[in-house]
Visitor: 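This structure is in structure tokens; I'll ask about it shortly.
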Amino acid sequence: MLMKVLVIEDDQQAASYLAKGLKEAGHVVDLAHDGKDGLFLAGSEHYDVMVVDRMLPGRDGLSLVEILRATGNDTPVLFLSALGSVDDRVKGLRAGGDDYLTKPYAFSELLARIEVLVRRRTAAQPQTKLAVGDLELDLLSRTVKRSGKPIELLPREFALLEYLMRNAGSVVTRTMMLENVWDYHFDPQTNVIDVHIARLRQKIDKDFPAPLIHTVRGAGYSLRAPE
Amino acid sequence: MSALATSLLRLVHTTPFRLALLYLALFILSVGVILLVVYRSTAGFLEGEIGETIALEVAGLQDQYRSTGLRGLVDAVRDRSAMPHTNSVYLLTTPGGVTLAGNLSAWPDAAPGDDGWLHFKVADYGGADDRPSTAMAVTFTLPGQFRLLVGRDMSEIDQLRGRMLVSLRWVFAVTVVLGLGGGLLVARGAMRRIEAINRTTLRIMAGDLSGRVPRGGGGDEIDRLAGNLNAMLDQIERLMTGMRQVTESVAHDLRTPLSRLRARVELALIHDTEDPEVYRAVLQDTITEADRLLATFTALLSIAEAESGAKRTDLEPVDLAGVVRLAADLYEPVAEEKGQTLSTEVLGEATVRGNEQLLAQAVSNLLDNAIKYTPEGGRIALLLEGAGPGRAARVTVADSGPGIPEDMREKVLQRFVRLDTARASPGNGLGLSLVDAVARLHGAQLVLEDNGPGLRISLVFPATAVPAGSPREKAGTFAPATG
């Protein structure tokens with residue numbers, strides 16, 4: 001999936017690293033180093049997603065996104081910020097951001113997040129059934145089947161699988177799962193997510209020849225249909 | 001001397017002194033009025049006495065005149081005038097103004113006052129002993145235009161009056177001095193205590209945080225002020241000490257992994273190999289190490305966030321049962337993985353004013369620790385109790401691990417402190433510090449107890465942590481009384 005990304009970041013070095021990484025991942029990147037240029041670019045070109053630093057010279061990221069939203073621009077926005085408290089995150093989301101990543105971040109985390117943002121935007125209307133390969137999840141009856149065989153899941157396992165299936169094909173990081181499934185906006189001391197994924201694998205993949213849940217080294221997990 | 005002058009000058013500008021001065025002014029005014037009244041009434045009384053004496057003399061002379069006629073009166077006046085050291089003055093004249101008898105040389109030309117009394121200076125009319133005193137007298141016109149003056153020298157009463165004035169002045173002066181002295185004393189007493197507070201603040205501003213304001217023990221408002229100041233100072237000192245500790249421990253505990261990281265990269269460069277896998281491995285390790293450092297930083301920031309009281313205003317009603325269930329849900333498989341049983345019991349619902357994310361992080365840290373330090377096959381219990389005596393809620397995590405020796409329980413709450421028994425397990429020694437900071441933010445108490453065996457650690461939320469108008473409180477208000 002090729003994406004056109006606008007990066008608005010005043011730290012030149014950080015911006016060029018980010019651009020390099022995104023280009024290597026096969027995306028097209030435009031760079032803006034202050035809020036003024038960023039607002040101009042965002043208004044004159046179409047982007048799939050924007051990565052906006054919260055603190056920018058000229059115009060800060062929050063008000064930039066507020067203006068974009070007010071003018072009807074609904075390009076997904078990922079905020080980058082050195083301010084990591086719960087409040088700062090809430091402010092960013094209220095201003096119209098779609099996700100919030102605290103510096104310093106792992107590049108793989110950022111990549112996974114913007115891909116999910118873009119996919120979510122292009123996804124169809126609300127579904128009542130999700131399907132990946134031979135795995136089916138019914139949101140109404142809250143049942144899961146693989147190859148027609150019912151699979152018993154605990155409520156939290158169901159929620160985790162739902163999140164993975166909604167983002168099927170994308171890389172989902174541990175932090176993303178903690179945020180979206182448990183609403184935990186901090187990283188617990190031990191790696192609890194791996195244990196939950198292991199359990200889910202036991203139920204989803206163990207008795208089947210082709211695994212659906214894949215580990216992405218250094219990034220997280222991805223649920224995808226076998227080729 | 002000049003030091004005394006400056007200190008006096010300073011005293012003059014103080015509030016207690018001004019109050020004392022104001023009081024003194026009122027006091028002097030009242031004393032002045034009282035003394036004036038005393039003087040006036042005493043003087044009036046003395047004049048009345050003299051008037052009566054004169055009236056008696058006049059009555060005697062009247063008797064004489066009635067029985068012996070003018071001749072007899074002349075004799076009587078002459079006799080009385082001749083009496084040595086007499087205080088009385090007499091004058092009897094013919095219609096032509098010629099003196100028949102008496103100890104005055106001429107008829108005084110003063111006119112009688114409204115009260116009928118004639119006041120004149122004795123000396124002006126040839127008074128017997130040339131006295132400077134005044135006299136008061138009454139005059140009569142006898143048949144045949146003979147005129148009689150009977151009066152009394154007022155030197156005694158003048159003297160008395162003078163003496164009285166002098167002593168009243170003294171009384172007044174002493175009153176002013178005593179009042180002023182008392183005022184100064186009172187002002188200085190209050191001043192000294194305020195000065196003591198000022199001295200303490202100056203010392204603290206100079207850097208000595210251990211200084212405390214002395215208390216009088218009387219429990220008045222200055223004492224209360226001192227008490228509050230001391231409480232404030234305790235808090236500041238605690239924060240400062242905490243900060244110093246953090247800076248020191250950050251320096252120490254971050255330097256070690258940073259130098260490790262640097263050494264690893266440096267060695268890889270020195271090694272000079274063609275094998276890219278070697279470099280890859282080093283880079284991977286570097287990222288892992290950097291992530292660990294960042295996690296430490298994040299934990300420190302979370303603690304700082306919880307500790308800065310500024311966030312206190314952002315506290316919202318938090319359903320503790322939800323927090324506990326979510327944490328249990330997250331950690332239950334982790335405990336199972338280690339062969340432990342994690343049992344969760346929610347015995348009561350409780351809503352407290354708080355920061356949900358920080359509370360979740362605190363509970364998750366407690367579970368994390370319990371799972372980390374409890375051996376395989378151990379038991380961990382997570383318990384939420386609702387309101388009880390003196391508390392709104394209690395969250396308890398009890399494990400069957402090695403526990404924490406009693407003398408170490410205070411210490412493990414400090415940043416970067418890890419027990420020797422914990423050195424083998426991963427961790428940065430910040431977990432319990434964060435829990436402690438979160439507890440303090442919520443006004444909750446962190447209680448560490450022996451679980452026999454193991455550790456039993458509780459977050460006890462005080463009754464005041466319940467938000468006003470929370471569902472729980474409303475339920476209490478409208479609940480029907482049960483017998």
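Side chains included, hydrogens not; waters and symmetry mates left out as well; all remaining heavy atoms used. In what follows, chains are A, B, ... by sequence order, proteins preceding strands, each numbered from 1.
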Visitor: Any idea which heavy atoms bring A:Phe186 and B:Ala360 closest together, and the distance?
Guide: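 Minimum heavy-atom contact is CZ-C, 3.7 Å.
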
Visitor: Would you indicate whether B:Arg379, at its atom CZ, is surrounded by more than 12 heavy atoms from other residues, nucleotides or ligands within a distance under 6.0 Å?
Guide: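 No, CZ of B:Arg379 has 12 or fewer neighbouring heavy atoms, counting only those of other groups under 6.0 Å.
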
Visitor: Applying side chain to side chain contact (heavy atoms under 4.5 Å, CB included) to B:Gln284 and A:Arg217, what does each step give before you reach the verdict?
Guide: CA-CA 11 Å; B:Gln284 201 60 53; A:Arg217 259 198 77 186; 3.9 Å; yes

Visitor: In residues 193-215 of chain A, which residues are in contact with chain B at a heavy-atom separation under 4.5 Å?
Guide: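 Interface residues of residues 193-215 of chain A: A:Val195, A:His196, A:Arg199.
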
Visitor: Is it the case that the side chain of B:Gln361 and the backbone of A:Tyr184 share a donor-acceptor pair, with hydrogens and angles ignored and the cut-off at 3.5 Å?
Guide: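 Answer holds: no.
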
Visitor: Return the option, out of B:Leu330, B:Leu326, B:Leu358, with the maximum number of heavy-atom pairs under 4.5 Å with chain A.
Guide: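 Of B:Leu330, B:Leu326, B:Leu358, B:Leu330 has the most heavy-atom pairs under 4.5 Å with chain A.
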
Visitor: Take A:Asn191 and B:Val334, measure what side chain to side chain contact (heavy atoms under 4.5 Å, CB included) needs, and give me the verdict at the end.
Guide: CA-CA 9 Å; A:Asn191 201 342; B:Val334 184; over 6 Å; no

Visitor: Please determine whether the number of non-hydrogen atoms from other residues, nucleotides or ligands lying under 6.0 Å from atom CZ of B:Arg260 exceeds 12.
Guide: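 More than 12 heavy atoms, drawn from other residues, nucleotides or ligands, come within 6.0 Å of this atom.
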
Visitor: Tell me, for A:Leu154 versus chain B, whether the close heavy atoms (under 4.5 Å) come from the side chain, the backbone, both or neither.
Guide: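 For A:Leu154, no heavy atom lies under 4.5 Å from chain B.
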
Visitor: Does any heavy atom of chain A fall under 4.5 Å from the side chain of B:Ala327, the backbone, both, or neither of them?
Guide: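 Interface part for B:Ala327: both.
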
Visitor: Test your reading of the model: is there a side-chain donor-acceptor pair from B:Asp368 to the backbone of A:Pro188, 3.5 Å cut-off?
Guide: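 Checked: no pair found.
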
Visitor: Rounded to the nearest 0.5 Å, what separation is found between the CG atom of B:Leu294 and the OG1 atom of A:Thr102?
Guide: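 Spacing of CG (B:Leu294) from OG1 (A:Thr102) equals 11.5 Å.
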
Visitor: State whether the number of non-hydrogen atoms from other residues, nucleotides or ligands found under 6.0 Å of A:Lys103 atom NZ is greater than 12.
Guide: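 Enclosed.
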
